[in-house]
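The next block holds one structure in the form of structure tokens; read it before the comments.
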Amino acid sequence: MKEDFLKYQGQTSPFPLGIEIEKAEGSYIYDTQGKKYLDFVAGVSANSLGHQHSRVTEAIKSQLDLYTHVMVYGEFIQSPQVELCKLLSQTFPDNYSVYLTNSGTEACEGALKLAKRVTNRYEVIAAENSYHGNTQGSMSVSGVERQNGAFRPLVPGVRFIEFNNLEHLEKITINTAAVILETIQGGAGFIVPKNDYLLNVSKRCKEVGALLILDEIQTGIGRTGRFWGFEHFQIVPDIVITGKGLGGGMPIGAFIAKKQYMDLLKENPTLGHITTFGGHPVIAAAGKAALEEIKDAHLIEFTIEKEKIIRNHLQHSLIEEIRGKGLMLAAILKDPELTPVVVRRCLEKGLILFFLLFEKRALRITPPLNISNQELIDGCSILKEVLDDLHS
Ligand SMILES: Cc1ncc(COP(=O)(O)O)c(C=O)c1O
């Protein structure tokens, strides 16, 4: 299989982790050799409920028995879509409505288009070192030139500011359609906003009539200890984009905006954003089941306790700091050369860790939200064992 994987399947890097998967269950993934791996990555923050959660698989099976794709998004009334949109909109204080997409990056595209439509402006302010997805609009607002350079020209009208720098907020002006930020910068190294940074961004946007778009694709759906990451910072953005954990392991995204804004996509021109498979009923059913389970099992509350367990168990002389919030954590090593070695050695010992996009010293720790405390301790012990070996 490995030879065919390398030969027939489009590759993303010269060094894929390359374990061959047999099955996955709970917090574990099993390879075809029968080896068991504890999953501290959760499909890069997507598998909030671990693998094969019965509530999600049952919802998928029930929906499969009724109907799968019946029509492009937005024409027929399909209860899994409506119910998922309702659940999500109820997490907002005002009247917000939800547009379901295929992926996070499509949600970002929809949000950027909506901001242009609402403001009749086109300039977008984004942050250096940000990541918002890999289609061309999302890439245009992602702030790492070594990734973007080879693909220019991208979408024009984007200006970058330094995340967490209040002085840069004056670049947000009456020409700005939207400011787009990750609530906690992911690829950059799980950088949490300082003090009142987001509050000041939000105020500045209001002053000049720009919209604030927060990318909650990774921070949303309970991962940071609140349902939305922005709830830590006393603001409510104009538009939120989400994905990853929303689907319970199935591919999904959504952009969420005040109802009066969202309604602009239906006229002048009509079909302002369209998608064939966005909100697919099987995936929406999985998403709804995942949201209900996260709520009923009180997983968000437990996230804070689990963060403490990781922080307590991961003190080591080779780790400079643990960054992030809730179960969106990164162990920042002192030496970036150690990162790939640690990931490989942990894999050999049965623990899956991963990298962050741009912070080369970071080990990603984003386990399922329902991982047990003992599993967390087991994983931390493996990581510490590997670090001890390297230290000696
Ligand atoms: C913060 C953030 N925004 C956008 C995306 C893009 O989402 P997707 O891969 O579903 O297109 C990601 C994915 O890693 C992300 O972490």
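Here the structure is a predicted model, which means the values were calculated and not measured. Just follow the structure's listing: the first ligand is 1, and inside any ligand the first atom is 1.
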Members besides [X] in its Ile/Leu/Val/Met/Phe/Trp/Tyr cluster (side-chain heavy atoms under 4.5 Å):
X	value
Leu271	Ile274
Ile304	none
Phe358	Tyr131, Val144, Leu357

(message) Check Arg226 with Glu216, please: is the shortest side-chain N to carboxylate O separation under 4.0 Å?
(response) no
(message) Any side-chain to backbone donor/acceptor pair from Lys334 onto Ser317? Under 3.5 Å, distance only.
(response) yes
(message) As a test of reading the model: which residues have a non-hydrogen atom less than 4.0 Å away from ligand 1?
(response) Ser103, Gly104, Thr105, Tyr131, His132, Gly133, Glu182, Asp215, Ile217, Gln218, Lys244
(request) Report the relative orientation of the aromatic rings in His273 and Tyr99; use parallel for angles under 30°, tilted for 30 to 60°, perpendicular for over 60°. (result) perpendicular
